[in-house]
2 protein chains.
Amino acid sequence: MDTKDILKNKINAGRQRMTTQRLIILDELKKVTSHPSAYEVYRMVQRKIANVSFGTVYRNLRLLEDLGLVQELNYGKKFSRYDGNTDNHYHISCEKCERMDDIPISIWKRLNKNTSNATGYEVKAHRIEFYGLCPKCQGEKRG
Amino acid sequence: MDTKDILKNKINAGRQRMTTQRLIILDELKKVTSHPSAYEVYRMVQRKIANVSFGTVYRNLRLLEDLGLVQELNYGKKFSRYDGNTDNHYHISCEKCERMDDIPISIWKRLNKNTSNATGYEVKAHRIEFYGLCPKCQGEKRG
DNA sequence: GTATTTGCAAATACTTTGCAAAACC
DNA sequence: GGTTTTGCAAAGTATTTGCAAATAC
């Protein structure tokens with residue numbers, strides 16, 4: 001199933017409509033693993049639709065997140081970054097170059113249960129972010 | 001060692017100065033476990049210094065964080081919340097009432113090492129936030 | 001044809017900053 | 001006394017929103 005069908009399926013459940021902007025935003029986001037900011041997504045989309053507006057990008061990123069097609073990564077930084085991969089996974093970011101990579105989540109499946117036992121909360125979800133130096137930056141002088 | 005001495009010790013290492021505002025901000029933050037926002041800290045400090053300014057609160061929260069006396073919790077929300085407890089611990093927040101509680105970190109000490117092995121990063125730190133319903137909200141209708 | 005979505009620009013909301021006066025050491 | 005810090009207000013920055021025109025179904 002290609003991106004367009006995935007989007008159509010989600011959209012038809014509500015009363016949203018399929019638009020070029022919407023599709024291209026999702027499409028571009030699914031193409032990369034760089035976890036771009038809203039501005040970077042905007043620049044990517046601009047190459048396809050010259051006069052797209054920033055507001056449209058923001059509105060659609062939010063909509064796509066509500067539809068469960070995109071993940072907003074917004075912890076600890078001034079601005080959010082977005083991820084077209086909604087499989088369960090964690091992220092690790094380099095403190096020097098801000099590169100972000102994915103980590104499969106499977107290793108720590110029991111975190112929610114452990115936390116529920118420890119706190120009495122009904123735990124719905126959790127987010128983890130790791131910080132450090134990526135392999136490339138480890139060899140270089142600290143900036 | 002009381003809060004004033006803790007602050008003095010940290011401050012004397014640099015060329016900062018001890019001020020009433022600085023001390024009261026730290027003092028108020030260390031008194032509570034509610035993880036207040038900058039605005040809430042401002043209101044708390046206002047009760048002690050009527051004409052304290054918002055800018056001073058922000059500046060000092062940042063300074064106190066740089067000194068390692070305060071933790072800024074800023075992931076996933078529009079505004080940061082602050083924690084006067086800098087012992088290693090995670091947080092869990094209620095999706096309904098926004099209450100935040102602490103979780104001791106000891107259970108998952110090996111996370112950094114596991115992640116380093118999995119990604120090749122030199123892992124310096126990590127942050128986890130859990131989401132769910134606190135015991136009080138579990139029984140109530142969903143809002 | 002009618003409701004949704006877009007582009008544009010202005011508005012929001014949290015946080016930061018410039019500056020003269022005040023406080024600290 | 002000289003440097004840091006404060007209060008105030010204005011600026012900054014990421015994001016959201018109002019509205020008329022355009023688009024989707």
Side-chain angles (χ1 to χ4, degrees), chain A residues 4-5 7-26 28 35-43 45-67 69-82 98, chain B residues 4-5 7-26 28 35-43 45-67 69-82 98:
Chain A
K4 187 168 186 175
D5 294 325
L7 181 54
K8 271 192 171 172
N9 281 350
K10 287 285 182 179
I11 275 181
N12 290 339
R15 67 189 60 175
Q16 292 96 347
R17 290 173 184 181
M18 167 68 75
T19 67
T20 310
Q21 290 82 345
R22 202 157 277 179
L23 177 58
I24 288 181
I25 288 166
L26 180 58
E28 293 297 302
H35 310 86
S37 65
Y39 178 72
E40 287 166 335
V41 173
Y42 167 65
R43 295 309 300 271
V45 174
Q46 244 184 353
R47 278 178 227 128
K48 309 273 173 173
I49 313 171
N51 71 329
V52 71
S53 83
F54 218 148
T56 297
V57 171
Y58 268 107
R59 269 188 295 234
N60 278 298
L61 285 171
R62 177 116 86 114
L63 174 80
L64 292 170
E65 206 202 0
D66 290 346
L67 295 176
L69 296 172
V70 154
Q71 228 191 315
E72 186 183 2
L73 313 173
N74 56 355
Y75 29 133
K77 298 286 159 50
K78 265 202 189 120
F79 50 84
S80 292
R81 293 174 67 166
Y82 294 86
E98 303 230 310
Chain B
K4 186 165 184 176
D5 294 324
L7 181 55
K8 270 192 171 174
N9 281 350
K10 287 283 184 181
I11 275 181
N12 289 340
R15 67 188 61 175
Q16 292 95 348
R17 289 174 184 180
M18 166 69 75
T19 67
T20 311
Q21 290 83 344
R22 200 156 279 179
L23 177 58
I24 289 180
I25 288 167
L26 180 59
E28 292 298 300
H35 309 86
S37 64
Y39 178 72
E40 287 166 335
V41 173
Y42 167 65
R43 296 308 300 274
V45 174
Q46 243 184 354
R47 279 180 227 127
K48 309 274 172 170
I49 313 173
N51 70 329
V52 71
S53 83
F54 219 147
T56 296
V57 172
Y58 269 108
R59 269 186 296 232
N60 278 299
L61 284 172
R62 176 116 86 113
L63 174 81
L64 292 170
E65 206 203 359
D66 291 345
L67 296 177
L69 297 173
V70 154
Q71 228 190 316
E72 185 182 4
L73 312 172
N74 57 353
Y75 28 134
K77 298 288 162 46
K78 267 205 188 113
F79 51 84
S80 292
R81 293 174 67 166
Y82 294 85
E98 306 231 308

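Throughout, protein chains are lettered first and strands after them, A, B, ... in sequence-line order, and every chain is numbered starting at 1. Everything numeric here is computed off the predicted structure, so don't read it as measured data.
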Between CZ of B:Arg17 and P of D:dT3 the distance, given in whole Å, is 9 Å
For A:Asn51, enumerate each residue passing the side-chain contact (heavy atoms from CB on, under 4.5 Å) test, keeping only those at least two apart in sequence or located in another chain. A:Ile49
Side chains of B:Leu23 and B:Met18 in contact at under 4.5 Å (non-hydrogen atoms): yes
What nucleic acid atoms does B:Thr20 come within less than 4.0 Å of, heavy atoms only: base, sugar-phosphate, or nothing? sugar-phosphate
Give the rounded distance in Å between these two atoms: CG of B:Leu61 and C1' of D:dT6. 15 Å
First and last nucleotide of DNA chain C, 5' to 3', lying under 4.0 Å from heavy atoms of chain B: C:dC14 to C:dC25
Rounded to whole angstroms, how far apart are CG on A:Asn60 and P on D:dA24? 13 Å
For B:Val52 and for A:Ser80, find the nucleotide of DNA chain D with the closest heavy atom, then tell me which residue's nucleotide is more 5'. B:Val52
Reckon B:Phe79 touches a base, only the sugar-phosphate, or nothing at all at heavy-atom distances under 4.0 Å? sugar-phosphate
What donor-acceptor contacts under 3.5 angstrom involve side-chain atoms of residues 56-63 of chain A, with partners at least two apart or in another chain?
unit_1	atom_1	unit_2	atom_2	d
A:Thr56	OG1	A:Ser53	OG	3.1
A:Asn60	OD1	A:Arg22	NE	2.7
A:Asn60	OD1	A:Arg22	NH2	3.4
A:Asn60	ND2	A:Thr56	O	3.0

Close side-chain approach of A:Val52 to A:Ile25, heavy-atom, < 4.5 Å: no
Name the pairing partner of D:dC25, where a pair is Watson-Crick or G-U wobble with both distances under 3.5 Å, or state none. C:dG1
Residue met sooner reading DNA chain C from 5', once B:Lys8 and B:Thr56 are mapped to nucleotides: B:Thr56
Steps toward side chain to side chain contact (heavy atoms under 4.5 Å, CB included) verdict (B:Tyr82, B:Glu72): CA-CA 5 Å; B:Tyr82 294 85; B:Glu72 185 182 4; 3.7 Å; yes
Using 0.5 Å steps for rounding, measure from the CG atom of B:Leu26 to the NZ atom of B:Lys10. 11.0 Å
Whole-Å distance separating the CG atom of B:Leu7 from the C1' atom of D:dT5: 13 Å
Using heavy-atom distances to pick each residue's nearest nucleotide on DNA chain C, tell me which of B:Met18 and B:Glu72 is more 5'. B:Glu72
Indicate the ring-plane relationship of B:Tyr39 and B:Phe54, choosing parallel, tilted or perpendicular according to the 30° and 60° boundaries. tilted
At 4.0 Å (heavy atoms only), tell me whether B:Arg59 reaches a base, stays on the sugar-phosphate, or touches nothing. base
Spacing of B:Phe54 atom CZ relative to D:dA10 atom P, expressed in whole Å: 17 Å
